[in-house]
Amino acid sequence: MKIHVAAAAVSVTAISTLLLSAGPASAHPYDGKDPYRSGCAASKVYTGKKASLKNEIGDSLGTVQLYYSRRCGTNWGEARVSKHGTGQITVFTSSRNISFTYRAGNGGHHWGDMVYAPSGVCAKASASVSNGIGRVNKGSGTTGKACG
């Protein structure tokens with residue numbers, strides 16, 4: 001009985017390792033890349049989707065906007081916050097999402113990594129910001145969807 005249990009455990013471990021190392025089938029070379037370093041931002045278009053990053057009492061601590069690259073077929077989010085703000089930017093499609101954590105600096109202008117979203121794929125961006133201690137110094141927001 002012990003031999004069968006050990007063999008089953010080895011089989012489950014081997015299968016799990018294969019599945020985890022295979023990676024997502026839908027990954028694209030632009031997924032997770034910087035839109036500016038890759039050159040994709042050179043053809044960026046503002047999608048018209050924007051959201052305020054609001055704290056729990058409704059004060060705006062910044063904004064997040066959704067952008068699209070015509071040349072690369074990708075989407076990403078850009079946040080405008082205090083130069084002291086830290087947070088995260090995430091871009092979502094129906095099949096993938098990619099997050100980027102930013103630190104204080106860069107004049108408060110930060111952008112997330114890209115998700116491949118060719119024509120016909122909808123995307124949205126979300127961001128959070130923290131300007132210090134306390135809940136009134138933390139905010140978040142999500143844009144509406146844009147479908148290319």
Side-chain angles (χ1 to χ4, degrees), residues 8-9 11-148:
S11 296
V12 169
T13 302
I15 291 169
S16 297
T17 302
L18 285 172
L19 290 174
L20 290 175
S21 62
S26 62
H28 187 274
Y30 286 127
D31 283 346
K33 302 289 188 215
D34 182 308
Y36 290 91
R37 287 187 181 157
S38 66
C40 292
S43 66
K44 81 176 185 179
V45 176
Y46 172 52
T47 64
K49 301 300 179 180
K50 179 179 181 177
S52 291
L53 307 181
K54 294 187 177 186
N55 66 12
E56 67 178 26
I57 58 174
D59 296 331
S60 180
L61 303 177
T63 60
V64 60
Q65 294 179 307
L66 180 66
Y67 285 91
Y68 179 76
S69 170
R70 286 186 177 142
R71 182 174 69 83
C72 300
T74 56
N75 283 99
W76 67 94
E78 294 193 17
R80 298 264 182 192
V81 298
S82 158
K83 66 182 179 178
H84 303 292
T86 62
Q88 190 172 51
I89 301 168
T90 305
V91 64
F92 301 88
T93 66
S94 60
S95 61
R96 299 196 37 89
N97 64 64
I98 293 181
S99 295
F100 177 82
T101 301
Y102 65 89
R103 295 180 290 186
N106 205 38
H109 179 211
H110 307 281
W111 52 90
D113 292 332
M114 299 182 293
V115 169
Y116 184 62
S119 183
V121 174
C122 299
K124 64 182 178 179
S126 173
S128 64
V129 62
S130 176
N131 289 324
I133 298 174
R135 295 186 308 216
V136 295
N137 289 314
K138 298 178 185 343
S140 62
T142 302
T143 69
K145 284 184 183 179
C147 302

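Interatomic distance, OG of Ser95 versus OH of Tyr116, reported as 11.0 Å (0.5 Å rounding). A distance of 6.5 Å separates OH of Tyr30 from OG of Ser38, quoted to the nearest 0.5 Å. Taken to the nearest 0.5 Å, the CG atom of Asp113 stands 9.5 Å off from the CZ atom of Arg37. The structure places CG of Asn131 at 12.5 Å from NZ of Lys83, a figure rounded to the nearest 0.5 Å. Within the model, atoms CG of Leu61 and NZ of Lys138 stand 10.0 Å from one another, a figure rounded to the nearest 0.5 Å. Remark: Ser82 OG to Asn137 CG distance equals 9.5 Å, nearest 0.5 Å.
In this structure, Tyr67 has its ring center closer than 6.0 angstrom to the ring center of Tyr46.
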Item to complete: Start with the C-alpha distance between Asp34 and Trp111, add both sets of side-chain angles, then the distance that settles side-chain contact (heavy atoms from CB on, under 4.5 Å), and finish with yes or no.
Response: CA-CA 8 Å; Asp34 182 308; Trp111 52 90; 3.2 Å; yes

Item to complete: In sequence, state the C-alpha distance, the side-chain angles, and the governing distance for Val45 and Arg70, and then conclude on side-chain contact (heavy atoms from CB on, under 4.5 Å).
Response: CA-CA 7 Å; Val45 176; Arg70 286 186 177 142; 3.5 Å; yes

Item to complete: Run the numbers on Ser69 and Ser43 for side-chain hydrogen bond (donor to acceptor under 3.5 Å, both in side chains), then give the verdict.
Response: CA-CA 5 Å; Ser69 170; Ser43 66; 3.0 Å; yes

Worksheet item: Should Ile98 and Thr90 be marked as a side-chain contact (heavy atoms from CB on, under 4.5 Å) after you check the CA-CA gap, both sets of side-chain angles, and the distance that decides it?
Response: CA-CA 6 Å; Ile98 293 181; Thr90 305; over 6 Å; no

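Nearest approach of Asn75 to Ala117, heavy atoms of both residues: OD1-CB, 3.2 Å. Closest approach of Arg135 to Asn55, counting heavy atoms only: O-CB, 4.0 Å. Closest of all the heavy-atom pairs between Ala146 and Lys49 is CB-CG, 3.9 Å. For the residue pair Ile89 and Gly77, the shortest heavy atom distance occurs at CG2-O, 3.6 Å. Across all their heavy atoms, Leu66 and Ala125 have their closest contact at CD1-CB, 3.9 Å. Nearest heavy atoms, Met114 versus Thr74: SD-OG1, 3.1 Å.
The side-chain heavy atoms of Phe92 and Thr143, taken from C-beta on, include no pair separated by under 4.5 Å. Annotation: side chain of Asn97 is not in contact with side chain of Val115 (no heavy-atom distance under 4.5 Å).
Below 30°, between 30° and 60°, or above 60°: for His110 and Tyr102 the angle between ring planes is below 30°, a parallel geometry. Classification of the Tyr36-Trp76 ring pair by plane angle, with boundaries at 30° and 60°, yields perpendicular.
Look at Asp59 and Lys54 and you find no salt bridge, because none of the NZ, NE, NH1 or NH2 atoms lies under 4.0 Å from a carboxylate O. Between Lys50 and Glu78 no salt bridge is recorded (no basic side-chain N to carboxylate O distance below 4.0 Å).
Within 6.0 Å of NZ in Lys33 there are 12 or fewer heavy atoms belonging to other residues, nucleotides or ligands. Annotation: Arg71, atom CZ; neighbour count of heavy atoms from other residues, nucleotides and ligands within 6.0 Å is above 12.
Looking at Leu53, Val91, Val81 one by one, the single match for side chain to side chain contact (heavy atoms under 4.5 Å, CB included) with Val64 turns out to be Leu53.
Side-chain polar atoms of Ser128 and Ser140 form no donor-acceptor pair below 3.5 angstrom.
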